[in-house]
Protein chains: 2
Amino acid sequence: MSKVFKALSDPTRRKVLQLLRRGPMSAGDLAAHFTVSKPTMSVHFNVLKDANLIHAEKHGKSISYSLKMSVLEEALMGFAQTFGFEDQRDPDQPTNSHEDTPS
Amino acid sequence: MSKVFKALSDPTRRKVLQLLRRGPMSAGDLAAHFTVSKPTMSVHFNVLKDANLIHAEKHGKSISYSLKMSVLEEALMGFAQTFGFEDQRDPDQPTNSHEDTPS
DNA sequence: CTCATGATTAGAAGTTTAGCTAACTATCTA
DNA sequence: TAGATAGTTAGCTAAACTTCTAATCATGAG
């Protein structure tokens, strides 16, 4: 639990998760979206992996990272539900809030 | 956003929020639930205050802290919804999660 | 085998965090 | 006014976090 929230406390790591919503991506392709060095990205990937939020699979000489939706959902929603939060969305009004504004 | 998740990444602070679900509590009463020193708790309160998750109100010589539900809900659910998580509960089995927890 | 590519490891610098004790401020009460 | 109570501030330490460069490992191509 602490690991998940700590992982989510960094804007870079949150953006990585957002990018992985569309499907698996290689470390290099992910890193291309950021200005930090590749070793730094590697560390971020490990933090996410350590929190069990992403899965790594080696394909040839690159690594494919994929989002573990269920883990993220369980951690986030599980905690949220202890506070009684419910999903408030109108089913007729699909969301398009696809951008996380890091601060 | 980062501040909220950072605040939530510490077990002590998460427990403080859980304790505040039932209603406002003084710094001392909150601190009584933990083994760490009062100055340390004071720091934790400040982190939560800085993340806008709690509100402080001075009453006489003690301080009453209260949970800012809406801020927590917006941060948590707002982020969750960018991943398309929905409320998984069975509509025929309503929860009592919005009721006041009797103490 | 050798080279280029994708990614990690190692080591270092600077920052942040969590915790402590001691000392301080503010408020109530006798 | 003096003492007790509630919290905070100051100063410190140890550990963890973030980021970098340089070096290394692993793989596929020629």
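Note on naming: letters A, B, ... go to the chains in the order of the sequence lines (proteins, then strands), and numbering restarts at 1 for each one.
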Taking A:Leu8's backbone N and O only, do any of them form a donor-acceptor pair with A:Arg13's side chain (distance below 3.5 Å, no angle check)?
no
Is there a side-chain contact between A:Ser42 and the phosphate of C:dT8, meaning an N or O under 4.0 Å from OP1 or OP2?
yes
Rounded distance in Å - CE (B:Met41) to P (D:dA6)
15 Å
Between P on C:dG6 and CD on A:Glu57, what's the gap in Å once rounded to a whole number?
19 Å
Can you check whether B:His44 has a side-chain N or O nearer than 4.0 Å to OP1 or OP2 of C:dG19?
yes
Is the distance from OP1 or OP2 of D:dT8 to the nearest side-chain N or O of B:Thr40 less than 4.0 Å?
no
Atom CZ in B:Arg14, atom CZ in A:Phe5: separation rounded to 0.5 Å?
6.5 Å
For the pair made of NZ in A:Lys58 and P in C:dG6, what is the distance, rounded to whole Å?
14 Å
To the side chain of A:Ser37, which of D:dA6, D:dT19, D:dC20 is closest?
D:dC20
Interatomic distance where NZ belongs to B:Lys61 and P belongs to C:dA30 [whole Å]
10 Å
Whole-Å distance between D:dT27 C1' and A:His59 NE2?
14 Å
So B:Phe45 and B:Tyr65, would you call those rings parallel, tilted or perpendicular, with 30° and 60° as cut-offs?
tilted
Shortest side-chain distance from A:Val43, nucleotide among C:dT8, C:dA7, D:dT19:
D:dT19
Rounded to whole Å, please give me the gap between NZ in B:Lys15 and P in C:dA18.
17 Å
A:Asn46 CG to D:dC17 P, in whole Å, measures 13 Å
Side chain of A:Asp10 only, heavy atoms from C-beta on: which candidate in C:dG19, D:dT19, C:dT8 is closest?
D:dT19
Could you verify whether a donor N or O on one side chain and an acceptor N or O on the other, from B:Thr82 and A:Arg21, lie under 3.5 Å apart?
no
Can you check the A:Arg13 CZ to D:dC17 C1' distance for me, whole Å?
9 Å
By nearest heavy atom, map A:Phe45 and A:Lys6 onto DNA chain C; which one lands nearer the 5' end?
A:Phe45
